[in-house]
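Reviewing the structure listed below.
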Amino acid sequence: MHHFRNALIAGVALLAAAAPLAAETVAIRAGAVITDAASEASGPATILVTDGRITSITPGHGAVQADREIDLSGKTVLPGLIDLHTHLTGDPGGDFWKEAVEPEEWGVVVGAKNARLTALAGFTTVREAGSGKETAFSLRRGTAEGLVPGPRIVAAGPALAIIGGHGDVNGFTPEVNELLDSGFTCTGVVECAAKVRLASQNGSDVIKITATGGVLSQQGRGLEAHFTPEEMKAIADTAHSLGLKVMAHAHGARGIQQAAEAGIDSIEHGTYLDEAAARAMKANGTVLVPTLMALEGVSEGLGKGVYTPVVEDKIRAVQPLMASLVSRARQYGVTVAFGTDAGVYQHGRNAEE
């Protein structure tokens, strides 16, 4: 684990070296280099980075033309890692009412902090899986333009949800719920297609939907399907027509199956995955992003007054299922991808997944 952590830290140095400076050439003296997932670590090597891009990797630590050098001769250097499920603009905590007292813009400030922590953890690309209307898009631009240190961000923006479901507002008076509405709830195939188009118009790189109930929302009505099969299919078909993929938060087995059969591209969490749901995922090429660290994070907050009683009940219900989730998926040939739900646990711990 210690060597792996060293490798991650070294990977971050590579990111730091790749910051967009004016045609600067940096030589990274690496103790070893892993160039891709299929290759073994090399011996000592020198990596040249010019204007933010790797131009060569040569064996040994011979003389090179460079503006500066970074000594990582005691480290293994590897490409930046990818986390397919993060929430950079938020931190862990159960005070759902803060939504009513903190402006959305505050998410950009929190996100700038977390983008840097994520890069320092060795992750140079993340998929941002749900945020305020503009917060993740602003952060995406900030890291892309080099104004904010952090990873490349593929951003969903606000999640599509059913009215009052996970991803929408719960727990306030009706008047406050209405004021805090994101504008991305939908009912029926026409409205759901329209909201996908709205998300695309506003800058979404990927469409996020909350296909089932959720553990951390104040709604205590179970974790099964929220959208109808027809609504899910309208969302998937519309997104695909625009060249966008759909990621679906889904816990309950029938909700997972329904999303896969609708053509949704990835299932996030997938807690209650059973044989029928897994076979539907396999048949449709739907990928599982298990976010095991999400459960780790919320479990650490149990019994501490962090979460409301309705949320604590849901956490305890899903706890026994996560240990077997990946083996359940692999048993039926489902593709499993790396995503952590950073923001539900403390940012920077991504590699613990």
Side-chain angles (χ1 to χ4, degrees), residues 1-84 86 88 108-128 136-155 205 338-340 342 346-353:
M1 180 65 198
H2 182 65
H3 181 264
F4 182 56
R5 186 165 288 156
N6 281 349
L8 285 178
I9 291 165
V12 173
L14 194 54
L15 172 80
L21 296 168
E24 182 188 43
T25 297
V26 180
I28 300 169
R29 307 295 194 175
V33 177
I34 297 171
T35 55
D36 62 69
S39 63
E40 295 295 313
S42 72
T46 299
I47 303 165
L48 276 186
V49 180
T50 301
D51 200 19
R53 294 198 175 271
I54 295 171
T55 53
S56 66
I57 302 174
T58 52
H61 293 159
V64 292
Q65 288 287 102
D67 298 305
R68 63 188 175 101
E69 294 192 3
I70 295 173
D71 181 14
L72 293 175
S73 53
K75 306 287 186 187
T76 297
V77 179
L78 74 163
L81 302 174
I82 299 170
D83 190 333
L84 288 173
T86 66
L88 293 175
V108 183
V109 177
V110 172
K113 168 186 75 79
N114 292 330
R116 177 178 172 275
L117 290 174
T118 303
L120 287 171
F123 289 78
T124 54
T125 298
V126 301
R127 196 169 59 163
E128 178 61 28
F137 301 153
S138 298
L139 196 61
R140 174 181 67 190
R141 180 180 171 186
T143 63
E145 294 186 6
L147 302 177
V148 176
R152 172 175 173 262
I153 296 169
V154 176
D205 296 316
F338 186 104
T340 69
Q346 291 290 345
H347 291 274
R349 295 174 58 189
N350 312 58
E352 292 178 38
E353 181 78 14

Between Ala23 and Thr50 the two heavy atoms that sit nearest each other are O-CG2, 4.4 Å
Across all chains, not counting sequence neighbours, the salt bridge (charged side-chain N to carboxylate O under 4.0 Å, His left out) partners of Arg29 are Glu69
| said: Determine whether a donor-acceptor pair (N or O, by modelled atom type, separation under 3.5 Å) exists between the side chain of Thr86 and the backbone of Arg127. | reply: yes
For Ala115 and Pro151, the nearest pair of non-hydrogen atoms, with its separation, is O-CD, 3.3 Å
CG (Leu139) and CD (Glu128) are apart, to the nearest 0.5 Å, by 7.0 Å
Handout entry: Thr125 (side chain) donor-acceptor with Arg152 (main chain) under 3.5 angstrom
Key = no
Separation between CZ (Phe123) and CG (Leu84), nearest 0.5 Å, reads 10.0 Å
For Asp205 and Arg140 the tightest heavy-atom approach is OD2-NH1, 2.8 Å
Sorted by chain and residue number, the side chain to side chain contact (heavy atoms under 4.5 Å, CB included) partners of Thr340 (sequence neighbours excluded) come out as Asp83, Met293, Phe338, Ala342, Tyr345, Asn350, Glu353
Result for side-chain contact (heavy atoms from CB on, under 4.5 Å) between Thr55 and one of Thr25, Leu48, Ile47 points to Leu48
The single option from Asn114, Thr118, Ile82 that satisfies side-chain contact (heavy atoms from CB on, under 4.5 Å) with Val126 is Thr118
Validation: residues 32-42 side-chain donor-acceptor distances under 3.5 Å, sequence neighbours left out:
{"from": "Thr35", "atom 1": "OG1", "to": "Ser39", "atom 2": "OG", "distance (Å)": "3.3"}
{"from": "Asp36", "atom 1": "OD1", "to": "Ala38", "atom 2": "N", "distance (Å)": "2.8"}
{"from": "Asp36", "atom 1": "OD1", "to": "Ser39", "atom 2": "N", "distance (Å)": "3.2"}
{"from": "Ser39", "atom 1": "OG", "to": "Asp36", "atom 2": "N", "distance (Å)": "3.3"}
{"from": "Ser39", "atom 1": "OG", "to": "Asp36", "atom 2": "O", "distance (Å)": "3.0"}
{"from": "Ser42", "atom 1": "OG", "to": "Val33", "atom 2": "N", "distance (Å)": "3.0"}
{"from": "Ser42", "atom 1": "OG", "to": "Val33", "atom 2": "O", "distance (Å)": "3.4"}

By side-chain hydrogen bond (donor to acceptor under 3.5 Å, both in side chains), Arg349 pairs with (sequence neighbours left out) Glu300, Glu352
In short, Ala121 meets Gly348 closest at the heavy-atom pair CB-O, 3.4 Å
Hits for side-chain hydrogen bond (donor to acceptor under 3.5 Å, both in side chains) against Thr58, two or more places apart or cross-chain, chain-then-number order -> none
Hits for ring pair (Phe, Tyr, Trp, His ring centres under 6.0 Å) against Phe137, two or more places apart or cross-chain, chain-then-number order -> none
When every non-hydrogen atom of His61 is compared with those of Thr46, the smallest separation belongs to CA-OG1, 3.5 Å
